[in-house]
Student: 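Handing you this structure, nothing more for now.
Each ligand, and each atom within it, is numbered from 1 in the order the structure gives. All residue numbers in this chain count up from 1 along the given sequence. Just so it is clear, the values below take in all heavy atoms, side chains as well, and ignore hydrogens, waters and symmetry mates.
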Amino acid sequence: MKATIIGTGYVGLTTGVCLAELGHQIICVDNNVEKIEKLKDGISPIFEPGIEELIKKNLTAGRLTFATEIAQAINEAEIIFICVNTPPKQDGRAELKYVEKVARDIAESINGDYKVIVDKSTVPVKTAEKVAETILRYSKTGAKIDVISNPEFLKEGTAIDDTMNPDRIIIGVDSKAAEEKILELYRPLIEKSGAPIKIVSVRSAELIKHGANAFLATKISFANLMAQICEQAGADVIEVLQAIGMDERIGNQFLNPGIGFGGSCFPKDIAAFKKTMEILGIDNSLIKAVEEINQNAWQHFVQKIEKELWVLDGKVIGVLGLAFKPNTDDIRNSPAIKIIEKLAGDGANIKVYDPQAMANAQKTLTNITYCQTVNEAIKDSEALLICTEWDEFKNLNLADILKMMATPIIFDGRNIFDQKTARELGFKYFGIGR
Ligand code: UDX
Ligand code: UDX
C-alpha cells in the first residue's frame, strides 16, 4: 500500500521505516530541509539502534522516499499519518498548532479520492474530530476522508523493536471503510509479530495513550516514593520493590527508582492529561502528586550531594550520563541536565561523559567539561555521579574507579553498582532508596 508520513521525528521516522520494511511504499515528509537531505543520503538524524540500516535498505529497495513538500505526497497515498510534534504549552496543554497546520496543508492539496488520515501524534481526546472538521472546512475539492487514531507506544532506544513487535496495536476508528484500509496496512505486521489488535472508538484510542503513559509515570513515581521511605526507614528499596513486583497483578517493570523520569513523552503527556482532567472537571490531584514526586527525585539527589560535599565551589565532580535514559542521544527533560545545571550553578567543576548525548548537550550546556572517555570523567574527581544507566557504566570495574578518583565518593542515581562491593572497597556510596 502507499502511505505518507508527515513529521519525520522519532515517531514518524520509525513508523515510516518499519512500514517500508513490511513492504509498503512510504513517503516521509518533513518541513526540516536539513533533516530530509540527510535522510535522502541514508543518514539518520537521531541515534536509534538499527534505524540507519533499515533506512539505507529501504531507500535502496525503492520503498522509502523522503520529501519536504506535502502536496504530491498526499495525493499519492491512500493513508496519511500525522506524526508532528505536540509540545507542551506554558499551562501544560498540548500545543496543537502543528497538527492543525498539517490538517490545513492536507486540505489544500487533497484531491477527491477517499483517504484515511491517521493521527499518531499524542493528542488530547477529541482531536481527531477537530482535524476532520479542519480538513473539510478548508478543502476546495470535496475531500473524502476519515480521521482515525492509532497511538504509538514506542520507547526511544528500542523504537524499531517496539514497532515491529508491539504488545498491542490500538486502532481508534468509527468507520468501516477506514477500518478495512488500516487493517490492510497493518496485516503484514500482525502476521509477522502476532500482535493483538484492538479496535476501539476514536475517542477511546486517544485516551488510551494518555492513560497508559500516566499509569507508567505513576508506577515510577511510586517507586521513587518508596525509595524515600526506605532511605528514612533504613530498608533497601530494591529488595522491597522486587518483592512487590513479584505479585503478577503489579509486575516488576517500570518500578526502578532513580533520579526521575524525563524524555519527550512522560512529562509532556501527563501535563496534558492533567489539563484534560481539569477541563472535564475531574480531580487531577493524583497526577499532580506524580509530577511533584518526580521533581523531588532529582532535587533530593542534589540535596544528598550538597550534604556530603558541603561547599561545592571548585569541587571536581565527574558525571556519567546525560541522556534521559540509556541507548538514546536524547536529553529532552533529562534529570541529568537539571542536576548538572544546579551543581555547576553552585560553582562545581563538572566533567561529564555520555556515549551518545554529548553533542546534543553541548548546544545548551556550555560551562562544563566534556570528556572523550569515561575514564577522563572519573579521573581526579572528588565525587562521581551516575545519571544514566548505560551498559558501558554498568560494566566499569569499581576497583579501577577507586584508583582514578581523588576522593572515592559515588552518588549512584540509577543503582547500577552493588553497594556492598562499593563500600567494602572503601567507597562512600550513596544509592537511591538504600
Ligand atoms: C512527537 C511528539 O513528541 C509525540 O508526542 C507525538 O506522539 C509524535 O510527535 P517525536 O517524533 O519525538 O514525537 O517528535 P519530533 O522528534 O519533534 O518530530 C516531529 C517532526 O515533525 C520534526 O521532524 C519536525 O521537523 C516535523 N514537523 C513539525 C513538520 O514536518 N511540520 C510541522 O509543521 C511541524
Ligand atoms: C515512553 C513510553 O514508555 C512509551 O510507551 C511512549 O510511547 C513514549 O514514552 P520513552 O520516553 O522513550 O517512552 O522512555 P521510557 O523507557 O518509558 O522511559 C521514560 C523515563 O522513565 C526515563 O527517564 C527513564 O529513565 C524513566 N524510568 C523508566 C524510570 O525512572 N524508572 C523505570 O522503572 C522506568
Side-chain angles (χ1 to χ4, degrees), residues 5-16 28-36 38-39 45-46 48 66-70 73 81-88 94-105 119-124 127 149-159 162-163 166-167 170 206 208-210 212-217 219-224 227 241 245 251-270 272 293-294 297-298 321 323-328 330-336 387-389 413-415 432:
I5 316 282
I6 303 174
T8 311
Y10 268 98
V11 173
L13 182 61
T14 309
T15 305
C28 286
V29 185
D30 202 287
N31 61 6
N32 183 331
V33 179
E34 201 187 326
K35 194 179 261 192
I36 291 297
K38 268 187 168 180
L39 284 163
I46 51 167
E48 185 61 43
F66 294 98
T68 49
E69 290 304 318
I70 287 188
F81 283 86
I82 302 179
C83 299
V84 292
N85 41 338
T86 50
E95 172 61 88
L96 296 173
K97 68 179 179 191
Y98 306 118
V99 173
E100 197 258 2
K101 170 82 170 54
V102 169
R104 281 196 287 142
D105 287 346
D119 206 340
K120 215 173 199 12
S121 294
T122 304
V123 291
T127 299
S149 167
N150 169 219
E152 51 74 27
F153 300 96
L154 58 86
K155 299 183 290 300
E156 290 179 23
T158 53
D162 290 342
T163 307
D167 287 344
I170 306 289
E206 288 171 331
I208 287 168
K209 176 62 190 277
H210 270 158
N213 276 358
F215 190 80
L216 291 169
K219 251 187 134 177
I220 300 169
S221 278
F222 182 81
N224 283 325
L241 286 173
N252 54 18
Q253 289 192 58
F254 274 66
L255 270 186
N256 295 319
I259 50 177
F261 58 77
S264 68
C265 286
F266 283 170
K268 159 178 83 65
D269 290 352
I270 64 168
I293 294 168
N294 195 50
W298 72 266
F324 79 99
K325 65 173 198 176
N327 300 320
T328 175
D330 197 342
I331 55 160
R332 288 179 285 181
N333 296 305
S334 173
C387 289
T388 315
E389 66 278 34
R414 301 290 186 175
N415 286 338
I432 300 285

Student: What residue and heavy atom of the protein are closest to atom 5 (O) of ligand 1, and at what distance?
Tutor: Lys268 NZ, 2.5 Å
Student: Tell me, which protein residue and heavy-atom name are nearest atom 17 (O) of ligand 1, and how many Å apart are they?
Tutor: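 Heavy-atom neighbour on the protein nearest atom 17 (O) of ligand 1: Asn85 CB, 3.6 Å.
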Student: Judged by atom type as modelled, is there a donor-acceptor pair below 3.5 Å linking the side chain of Asn85 to the main-chain atoms of Pro87?
Tutor: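 No, Asn85 side chain to Pro87 backbone: no donor-acceptor pair under 3.5 Å.
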Student: Output the list of atoms in ligand 1 that are nearer than 4.0 Å to some heavy atom of Tyr10, sorted by atom number.
Tutor: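 Once the distances to Tyr10 are compared, the set is 10 (P), 11 (O), 12 (O), 16 (O).
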Student: Would one find an N or O of Phe266, backbone or side chain, under 3.5 Å from an N or O of ligand 2?
Tutor: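 No; every N/O pair is 3.5 Å or more apart.
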Student: Return yes if some donor-acceptor pair links the side-chain N/O of Ser121 with the main-chain N/O of Val123 below 3.5 Å, else return no.
Tutor: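 Not confirmed, Ser121 side chain does not pair with Val123 backbone.
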Student: Strictly under 4.0 Å, does any heavy atom of Gln253 approach an atom of ligand 2?
Tutor: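 Judged by the 4.0 Å heavy-atom criterion, Gln253 does not count as contacting ligand 2.
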Student: Please determine if Arg414 has a nitrogen or oxygen closer than 3.5 Å to a nitrogen or oxygen of ligand 2.
Tutor: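 N/O-N/O distance under 3.5 Å: yes.
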Student: For Ile170, is there any backbone N or O sitting under 3.5 Å from a side-chain donor or acceptor partner on Asn150?
Tutor: yes
Student: Within a strict 4.5 Å, meaning less than it, do heavy atoms of the Asp330 and Tyr10 side chains meet?
Tutor: yes
Student: What I want to find out is whether Arg104 reaches Glu100 closely enough, with some N-O distance under 4.0 Å, to be called a salt bridge.
Tutor: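 Answer for the salt bridge query: yes.
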Student: Please identify which atoms of ligand 1 are closer than 4.0 Å to at least one heavy atom of Lys35.
Tutor: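 Heavy-atom distances to Lys35 below 4.0 Å select 22 (C), 23 (O).
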Student: Can you name the atoms of ligand 1, numbered from 1 with element, that are less than 4.0 Å from a heavy atom of Glu152?
Tutor: 7 (O)
Student: Please list, in number order, the atoms of ligand 2 under 4.0 Å from a heavy atom of Glu156.
Tutor: 12 (O)
Student: Let me see the working for Ile220 and Phe266 under side-chain contact (heavy atoms from CB on, under 4.5 Å), right down to the final yes or no.
Tutor: CA-CA 11 Å; Ile220 300 169; Phe266 283 170; 3.8 Å; yes
Student: Output yes when a side-chain donor or acceptor of Thr68 lies under 3.5 Å from a complementary backbone atom of Val33, and no otherwise.
Tutor: no
Student: Heavy atom to atom 15 (P) of ligand 2, shortest distance: which of Lys325, Glu389, Arg332 holds it?
Tutor: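 Ranked by closest heavy atom to atom 15 (P) of ligand 2, first place is Lys325.
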Student: Do any nitrogen or oxygen atoms of Phe153 lie less than 3.5 angstrom from nitrogen or oxygen atoms of ligand 2?
Tutor: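 In this structure, Phe153 places an N or O atom under 3.5 Å from an N or O of ligand 2.
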Student: What residue among Val29, Asn31, Ile70 forms side chain to side chain contact (heavy atoms under 4.5 Å, CB included) with Asp105?
Tutor: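 Exactly one option meets the side chain to side chain contact (heavy atoms under 4.5 Å, CB included) with Asp105, and it is Ile70.
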Student: Looking at Lys209 and Glu152, is any side-chain nitrogen of the basic one under 4.0 Å from a carboxylate oxygen of the acidic one?
Tutor: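 Answer for the salt bridge query: yes.
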Student: Which residue owns the protein heavy atom closest to atom 20 (C) of ligand 2, what's the atom, and how far is it?
Tutor: Phe261 CB, 3.6 Å
Student: If we ignore hydrogens and angles and just use 3.5 Å, is the side chain of Asp30 paired with the main-chain N or O of Ile36 as donor and acceptor?
Tutor: no
Student: For ligand 1, which part of Thr8 has a heavy atom less than 4.0 Å away: the side chain, the backbone, both, or neither?
Tutor: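 Thr8 to ligand 1: backbone contact only, side chain stays beyond 4.0 Å.
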Student: To the nearest 0.1 Å, how far is atom 21 (O) of ligand 1 from its closest protein heavy atom, and which atom is that?
Tutor: Gly7 CA, 3.4 Å
Student: Got the closest protein heavy atom to atom 18 (O) of ligand 1, with its distance?
Tutor: Gly9 CA, 3.1 Å
Student: Backbone N or O of Ile5 within a donor-acceptor pair of the Lys120 side chain at under 3.5 Å?
Tutor: no
Student: Is a donor on one side and an acceptor on the other found under 3.5 Å between the side chain of Arg414 and the backbone of Cys387?
Tutor: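 Pair found, side chain donor or acceptor close to backbone of Cys387.
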Student: Is ligand 2 less than 4.0 angstrom away from at least one heavy atom of Lys219?
Tutor: no
Student: Is Lys120 in contact with ligand 1, taking contact as a heavy-atom separation below 4.0 Å?
Tutor: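 So Lys120 counts as touching ligand 1.
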Student: Is the shortest N/O to N/O distance between Asn256 and ligand 2 below 3.5 Å?
Tutor: yes
Student: Would you please test Cys265 and Asn213 for side-chain contact (heavy atoms from CB on, under 4.5 Å) and show each step?
Tutor: CA-CA 8 Å; Cys265 286; Asn213 276 358; 4.2 Å; yes
Student: With respect to atom 32 (C) of ligand 1, which of Ile36, Asn31, Thr68 exhibits the smallest heavy-atom separation?
Tutor: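 Of the listed residues, Asn31 has the closest heavy atom.
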Student: Could you tell me whether some N/O pair between Cys265 and ligand 2 is separated by less than 3.5 angstrom?
Tutor: no
Student: Can you pull out the closest protein heavy atom to atom 3 (O) of ligand 2? Residue, atom name and distance to 0.1 Å, please.
Tutor: Lys155 CG, 3.4 Å
Student: Ligand 2 versus Leu255, non-hydrogen atoms closer than 4.0 Å: side chain, backbone, both, neither?
Tutor: backbone
Student: Using a strict 4.0 Å cut-off to heavy atoms of Gly262, name the atoms of ligand 2 that fall inside it.
Tutor: 20 (C), 22 (C), 23 (O)
Student: Closest by any non-hydrogen atom to atom 27 (N) of ligand 2: pick that one out of Ile220, Ile259, Asn327.
Tutor: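 Ranked by closest heavy atom to atom 27 (N) of ligand 2, first place is Ile220.
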Student: Please check: side-chain N/O of Thr86 versus main-chain N/O of Thr122, any donor-acceptor pairing under 3.5 Å?
Tutor: yes
Student: Please list, in number order, the atoms of ligand 2 under 4.0 Å from a heavy atom of Lys209.
Tutor: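 Taking each heavy atom of Lys209 in turn, ligand 2 has 7 (O) under 4.0 Å.
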Student: Heavy atoms only: which of Asp30, Asn32, Val102, Val84 lies closest to atom 24 (C) of ligand 1?
Tutor: Asp30
Student: Which residue holds the protein heavy atom closest to atom 11 (O) of ligand 2, what is that atom called, and what is the gap in Å?
Tutor: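 Answer, as residue, atom name and distance: Phe324 CE1, 3.6 Å.
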Student: For atom 34 (C) of ligand 2, which protein heavy atom lies nearest, and how many Å away is it?
Tutor: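 Minimum-distance protein heavy atom for atom 34 (C) of ligand 2 reads Phe254 CD2, 3.6 Å.
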Student: Are any of the heavy atoms in Cys83 under 4.0 Å away from ligand 1?
Tutor: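 Yes, that is the case, since the closest heavy atom of the residue is under 4.0 Å from the ligand.
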Student: Short question: side chain of Lys219, backbone of Gln253 - any donor-acceptor pair under 3.5 Å?
Tutor: yes
Student: Between the main-chain N or O of Thr328 and the side-chain N or O of Glu48, is there a donor-acceptor pair closer than 3.5 Å?
Tutor: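 Such a contact is absent between Glu48 side chain and Thr328 backbone.
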Student: Please confirm whether Gly258 approaches ligand 2 to less than 4.0 Å, judged on its heavy atoms.
Tutor: no
Student: I want to confirm something. Looking only at heavy atoms, which of Leu154, Thr122, Val11 is nearest to atom 7 (O) of ligand 1?
Tutor: Thr122
Student: Would Phe66 and Leu13 count as a side-chain contact (heavy atoms from CB on, under 4.5 Å) here? Give the steps.
Tutor: CA-CA 10 Å; Phe66 294 98; Leu13 182 61; 3.9 Å; yes
Student: Run the side-chain contact (heavy atoms from CB on, under 4.5 Å) test on Phe153 and Ile208 for me, step by step, so that the C-alpha distance in whole Å, both residues' side-chain angles and the decisive distance to 0.1 Å come before the verdict.
Tutor: CA-CA 10 Å; Phe153 300 96; Ile208 287 168; 3.9 Å; yes
